[in-house]
Amino acid sequence: MAGLPERKTLPRLDESLLTHLPPFSRLEKRQIRIILDQASSRRYDEGVAIFQEGHPAERFYMLLDGYVRVVRITPTGEQVTALHIPAGQLLGIAKAIGRDTYPATAMTASEALALSWPMHLWEKFVSDYDGFGTESYKTLGHRLGEVQNRVVEMATQQVEQRVANALLRLINQTGRKVDNGIEIDFPITRQDLSELTATTLHTVSRLLSGWEKQGLVESRRKRIVVRDPHALVVLSQK
DNA sequence: CCATTAAGCTTCG
DNA sequence: CGAAGCTTAATGG
């Protein structure tokens with residue numbers, strides 16, 4: 001049987017994919033064309049690793065669609081989720097922080113689509129393309145701040161506050177308006193939330209049940225809608 | 001206050 | 001069906 005060719009020639013990537021995204025927004029069409037011609041495009045199922053902590057950082061990525069969880073494994077073997085990254089952001093930019101291995105694992109939290117380039121192009125992009133470097137470092141700084149906040153939270157806040165904060169961040173970064181509130185835009189389990197907040201799925205389940213009775217949230221399996229964000233803010237500050 | 005254990009229920013594939 | 005996801009209660013650090 002004559003097998004299909006391993007790799008079909010993809011339709012040419014359209015420049016509009018990148019023109020609005022901050023790292024590329026200051027570039028001309030011609031430059032974006034060159035960048036796209038060097039990119040590989042790939043679709044990922046939900047729940048697969050795009051790259052793994054500790055592995056050689058061979059490529060960097062631009063997430064075009066979907067959501068990615070940045071996950072680290074603690075010395076004791078538990079997973080902790082550092083943050084979620086929405087479409088439109090760079091990913092796996094180890095070179096930017098002077099590393100040649102990935103500092104964390106990137107798991108898809110939904111179906112996802114990403115472009116990628118060989119890491120050796122990183123320096124070239126930074127030097128050749130106006131705004132690419134500064135924008136990248138901006139998002140990097142932003143993420144670092146987030147992770148640090150999380151660390152402080154773990155040390156100072158009680159579980160209820162941490163979970164409330166995690167939900168607020170999730171709806172801020174990845175929320176989608178629905179009729180009765182704001183829904184987290186990708187499938188998220190109580191287990192996932194517990195890994196974000198360093199607690200157990202049982203505690204998360206109890207908290208969500210309680211909040212549901214008070215009308216703050218609404219949840220079904222893998223879906224959470226926040227009906228009253230302000231009430232969560234209040235909770236997160238006691 | 002919260003983790004752990006254990007048991008049972010629901011939903012998905 | 002079985003597996004994954006979720007709930008609830010009891011116990012104990």
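Chain letters run A, B, ... following the sequence lines, proteins first and then strands; every chain starts at 1.
Residues A:R227 and A:E218 are paired through a salt bridge, judged by an N-O separation under 4.0 Å between the basic side chain and the carboxylate. Using a cut-off of 4.0 Å between Lys/Arg side-chain N and Asp/Glu carboxylate O, A:K138 and A:E135 are scored as salt-bridged. At a threshold of 4.0 Å, the pair A:K177-A:D179 does not count as salt-bridged, since none of the basic side-chain nitrogens sits closer than that to a carboxylate oxygen.
Distance CG (A:L193) to P (C:dT7): 12 Å, rounded to an integer number of Å. Taking atom CD of residue A:Q191 and atom C1' of nucleotide C:dT7, one finds them 15 Å apart after rounding to whole Å. The separation between A:L208 atom CG and C:dT7 atom C1' is 11 Å, rounded to whole Å. Atom pair A:L207:CG and C:dC6:P shows a separation of 14 Å (rounding to whole Å applied).
Looking at heavy-atom distances under 4.0 Å, A:S205 makes contact with a base.
Cluster membership check: A:L170 shares its hydrophobic cluster with A:V204, using side-chain heavy-atom separations under 4.5 Å among Ile, Leu, Val, Met, Phe, Trp and Tyr.
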- Item | Summary of protein contacts for nucleotides 2-13 of chain B, nucleotide by nucleotide, where a base hit scores B, a sugar-phosphate-only hit scores S (4.0 Å, heavy atoms) | SSBBB----BS-
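The ring-ring contact (aromatic ring centres under 6.0 Å, His included) with A:Y61 is formed by just one residue from the set A:Y44, A:F51, A:W122; it is A:F51.
Contact check, A:S209 against C:dC6: no side-chain N or O comes under 4.0 Å of OP1 or OP2. At the phosphate of C:dT7, OP1 or OP2 sits under 4.0 Å from a side-chain N or O atom of A:R190.
In this structure, A:H55 places its NE2 atom where more than 12 heavy-atom neighbours from other residues, nucleotides or ligands lie under 6.0 Å away.
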